[in-house]
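Sequence lines set the chain letters: A, B, ... in the order given, protein chains first and strands last, and positions in each chain run from 1.
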2 protein chains.
Amino acid sequence: MVIDHAKPDLLAALEDLGQRMTRPRVRLARYLETKPEAFSAEDVNTELPSVGRATIYRTLKLLVEAGALCKTAMPDGSPLYKVDYAVHHHHIVCTSCGKVDEFRHPAVERMFRAMRKEIPGEIVGHRLEVFVICVNCKDARGRASA
Amino acid sequence: MVIDHAKPDLLAALEDLGQRMTRPRVRLARYLETKPEAFSAEDVNTELPSVGRATIYRTLKLLVEAGALCKTAMPDGSPLYKVDYAVHHHHIVCTSCGKVDEFRHPAVERMFRAMRKEIPGEIVGHRLEVFVICVNCKDARGRASA
DNA sequence: CTCATTGCAAATGGTTTGCATTGGG
DNA sequence: CCCAATGCAAACCATTTGCAATGAG
């Protein structure tokens, strides 16, 4: 059910939006494509000092609009970005290490179909996140307290 | 499926947490109990000038911990509070007027049960919001463009 | 009385903006 | 060339915090 990674193409996504291929954007795209894990805007700002903070925020927003990146959030609401590997999915966020996995499950689609029929008004979107302590973090705890 | 309102008791919730019943807290609780709709912390700060901003933020946090208030968010992530009327539920947020309804649906519980079996790691929480254009807003649009 | 709580005002921190400069097409 | 895009620094703004004064138990 957890979805395997596929190759993203962030530059193509920007091109689709009719955006110019500037040097900072290419740098950002290349950098993000190497990132298997979720990250915050500030992470990028720290790890990619050759691109200005404003450009990072502006480009992340573009990439989310383009559907190449998705924006989740920790339980406290602080935003988390992740390169988008699957068409339609939701997120499993480890509250301990911040790792984000994508998942898809028939029960989820079933649920939304059922709700669509019964909720008054027009459904325009949704947000679904599952918070976990991932197996790695769980193991680490076991070891620490042993 | 949309849940009907019942009477909340915010003061009791604070008492359960072993908190003192101070004047500002009583004022806040009374005020919130009259609010049928969702609100932001800043809304309260504006509409209840007799209570300091810091106390408002501190008390809202307490009430969320106590389970008397729940914290949702708009699609852009800006937080929204709402008096909690049902035991376990999720939210339908109108992106046009900000109205928040509570709902509960067997398909939702089924979905989480199914996921619990298949997700690696221990599930510690979740977030589910459905964004809609509510019937009122839809009507208003129809009238405007007619 | 004592210590939790308050309220102010200042600090914080992530995000956005104004504007002169740069560089892609 | 021209205008979109950049980068810096300042502005923003919701939220948090330090601390002296207050008041609940």
Side-chain angles (χ1 to χ4, degrees), chain A residues 10-32 38-66 68-82 93 98 100, chain B residues 10-32 38-66 68-82 93 98 100:
Chain A
L10 304 188
L11 288 176
L14 284 179
E15 216 160 12
D16 290 348
L17 269 159
Q19 295 291 326
R20 288 194 182 172
M21 296 294 274
T22 66
R23 184 182 294 278
R25 283 174 177 168
V26 173
R27 281 215 201 96
L28 221 199
R30 286 208 203 302
Y31 165 81
L32 292 181
F39 52 88
S40 69
E42 220 46 32
D43 287 343
V44 181
N45 182 237
T46 308
E47 297 169 20
L48 204 66
S50 67
V51 179
R53 176 186 266 103
T55 301
I56 287 170
Y57 279 93
R58 287 189 275 237
T59 309
L60 287 180
K61 187 176 287 181
L62 280 174
L63 288 168
V64 170
E65 279 167 28
L69 233 51
C70 48
K71 198 177 178 181
T72 337
M74 291 296 279
D76 72 354
S78 52
L80 226 48
Y81 297 85
K82 187 171 195 303
V93 182
V100 176
Chain B
L10 304 189
L11 289 176
L14 284 179
E15 217 160 11
D16 291 350
L17 273 170
Q19 296 292 326
R20 287 195 184 172
M21 296 294 273
T22 66
R23 184 183 294 278
R25 283 174 178 169
V26 173
R27 283 213 200 97
L28 221 199
R30 286 208 204 301
Y31 164 82
L32 293 180
F39 52 88
S40 68
E42 220 46 34
D43 288 343
V44 181
N45 182 237
T46 308
E47 297 168 20
L48 204 65
S50 67
V51 179
R53 177 185 268 105
T55 301
I56 288 171
Y57 279 93
R58 287 188 276 235
T59 309
L60 287 180
K61 187 176 287 183
L62 279 175
L63 287 167
V64 170
E65 279 167 27
L69 232 50
C70 47
K71 197 177 178 180
T72 336
M74 292 294 279
D76 72 352
S78 52
L80 225 49
Y81 296 85
K82 187 168 195 306
V93 182
V100 176

So which protein nitrogen or oxygen atoms get under 3.5 Å of nucleotides 5-9 of chain C's nitrogens or oxygens?
residue	atom	partner	partner atom	Å
dT5(C)	OP1	Gln19(B)	OE1	2.7
dT5(C)	OP1	Arg25(B)	NH1	3.2
dT6(C)	OP1	Thr22(B)	OG1	2.8
dT6(C)	OP1	Arg25(B)	NE	3.4
dG7(C)	OP2	Gly52(B)	N	3.1
dG7(C)	OP2	Thr55(B)	OG1	2.8
dG7(C)	N7	Arg58(B)	NH2	2.8
dG7(C)	O6	Arg58(B)	NH2	3.4

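Interface limits on DNA chain D: the 5'-most and 3'-most nucleotides within less than 4.0 Å of chain A heavy atoms are dA4(D) to dC8(D).
For the pair Leu32(A) and Leu60(A), the tightest heavy-atom approach, listed with the atom from each and the gap, is CD1-CD2, 4.1 Å. Nearest heavy atom pair, residue Ala29(A) against residue Leu11(A), reads CB-CD2, 3.5 Å. The minimum heavy-atom distance linking Leu17(A) with Ala66(A) is given by the pair CD1-CB, 3.2 Å.
End-to-end axis angle of the helix from dC1(C)-dG25(D) to dG25(C)-dC1(D), from C1' rotation axes over five pairs per end: 40° (rounded to 10 degrees).
Residue Ser40(A) holds its OG atom at 10.5 Å from CE of Met74(A), rounded to the nearest 0.5 Å. With rounding to the nearest 0.5 Å, the separation of CG in Leu10(A) from OH in Tyr31(A) is 12.5 Å. Ser50(A) contributes atom OG, which lies 8.5 Å from atom CG of Leu28(A) (distance to the nearest 0.5 angstrom).
When the side-chain nitrogen and oxygen atoms of Lys61(A) are compared with OP1 and OP2 of dT16(C), one or more of them lie within a distance under 4.0 Å.
If you take OH of Tyr57(B) and P of dA11(C), they are 19 Å apart, rounded to a whole angstrom.
Here Pro24(B) pairs with Thr22(B), Val51(B), Thr55(B) under the side-chain contact (heavy atoms from CB on, under 4.5 Å) rule; sequence neighbours left out. Under the side chain to side chain donor-acceptor pair (under 3.5 Å) criterion, Thr46(A) pairs with no residue, sequence neighbours left out.
Counting only residues at least two apart or in different chains, salt bridge (Lys or Arg N to Asp or Glu O under 4.0 Å) contacts with residues 38-61 of chain A comprise Lys35(A)-Glu47(A), Glu42(A)-Arg53(A). Within the structure, salt bridge (Lys or Arg N to Asp or Glu O under 4.0 Å) contacts touching residues 18-27 of chain B (residues at least two apart or in different chains) do not occur.
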